Amino acid sequence: MYGMKEVCEESGMTYATLKFYCNEGLIPHVKRDKNNRRVFDEHTLNWVKSLTCLKNCNMSIAEMKEYLAMCLSGADTIPARKIMLDAKKAELQKKITALEDAIAYIDWKQNFYDDILSGKIEYVSNLTAPKD
């Protein structure tokens, strides 16, 4: 059994986030010890780790709740879960492409600056008027 602090350490989740997820009903079957503190078993810890991944997939709380409800409903919902995850994957792939484009721009700009600093090309700015 794991306490809140141990679950946070294992999952990389903050204490406040874990407490919030518990209060939102995102972590089912959480038990309490004799002092009324939440305790988590291995299965629950693994679900908390899954929630961390779902958050990293940019799932909203509402989407996480929908996904949880499908998981709790059983194997019949696996096709719907796959569709939901495919949509998130497509969103993430778009973000990856945008980040790769941004990195390519930075690389191009750094090379441009290196060429100027080495004297290979003359400095020209799109932000200033050309010299007459």
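Nothing here was measured: the structure is a model prediction, and the numbers come from that model.
Listed here is the closest heavy atom pair of G74 and R81: O-NH2, 2.7 Å. Taking every heavy atom of both residues into account, M59 and M64 meet most closely at O-CE, 3.4 Å. Minimum interatomic distance between S73 and A69 (heavy atoms only, all atoms of both residues): OG-O, 2.9 Å. In this structure, C22 and I27 approach most closely via the heavy-atom pair SG-CD1, 3.8 Å. Here the closest non-hydrogen pair linking M13 and L51 is CE-CB, 4.4 Å. Here the shortest heavy-atom pairing between N36 and R32 reads O-NH1, 2.8 Å.
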Practice task
Report the C-alpha separation of E63 and M84 in whole Å, then their side-chain angles, then the decisive distance to 0.1 Å, and conclude whether the side-chain contact (heavy atoms from CB on, under 4.5 Å) test is met.
Solution key: CA-CA 9 Å; E63 288 170 321; M84 187 178 205; 3.7 Å; yes
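Hydrophobic clustering of Ile, Leu, Val, Met, Phe, Trp and Tyr side chains at less than 4.5 Å, counting indirect connections, keeps F40 apart from M1. One hydrophobic cluster holds both Y15 and F20 under the rule that ILVMFWY side chains link at heavy-atom gaps under 4.5 Å. Criterion: ILVMFWY side-chain heavy atoms under 4.5 Å apart, direct or through other members. Under it, L54 and L72 are part of a common hydrophobic cluster. When the side chains of ILVMFWY residues are joined at heavy-atom separations under 4.5 Å, either directly or via intervening members, L18 and I61 end up in a single hydrophobic cluster.
Counting non-hydrogen atoms of other residues, nucleotides and ligands closer than 6.0 Å to NZ of K120 gives a total of 12 or fewer. In the displayed structure, K88 atom NZ is contacted under 6.0 Å by more than 12 heavy atoms of other residues, nucleotides or ligands. Within a 6.0 Å radius of OH in Y113, no more than 12 heavy atoms belonging to other residues, nucleotides or ligands are found. Residue K49 places its NZ atom among more than 12 non-hydrogen atoms of other residues, nucleotides or ligands, all under 6.0 Å distant.
Of the inter-residue distances, the one linking L92 atom CG with N56 atom CG reads 9.0 Å to the nearest 0.5 angstrom. Here the CG atom belonging to D115 is positioned 14.0 Å from the OH atom belonging to Y123, to the nearest 0.5 angstrom. Atom OG of S11 sits about 13.0 Å away from atom CH2 of W47, to the nearest 0.5 Å.
Looking at N35, its side chain never comes within 3.5 Å of a backbone N or O of R37 through a donor-acceptor pair. Checked by atom type and distance alone, the side chain of T77 never pairs as donor or acceptor with a backbone atom of A80 at under 3.5 Å.
Salt-bridge annotation for K94 and E91: absent, with no side-chain N of the basic residue lying under 4.0 Å from a carboxylate O of the acidic one.
Every residue two or more places apart in sequence or in another chain that forms a salt bridge (Lys or Arg N to Asp or Glu O under 4.0 Å) with E24 is listed here: K65.
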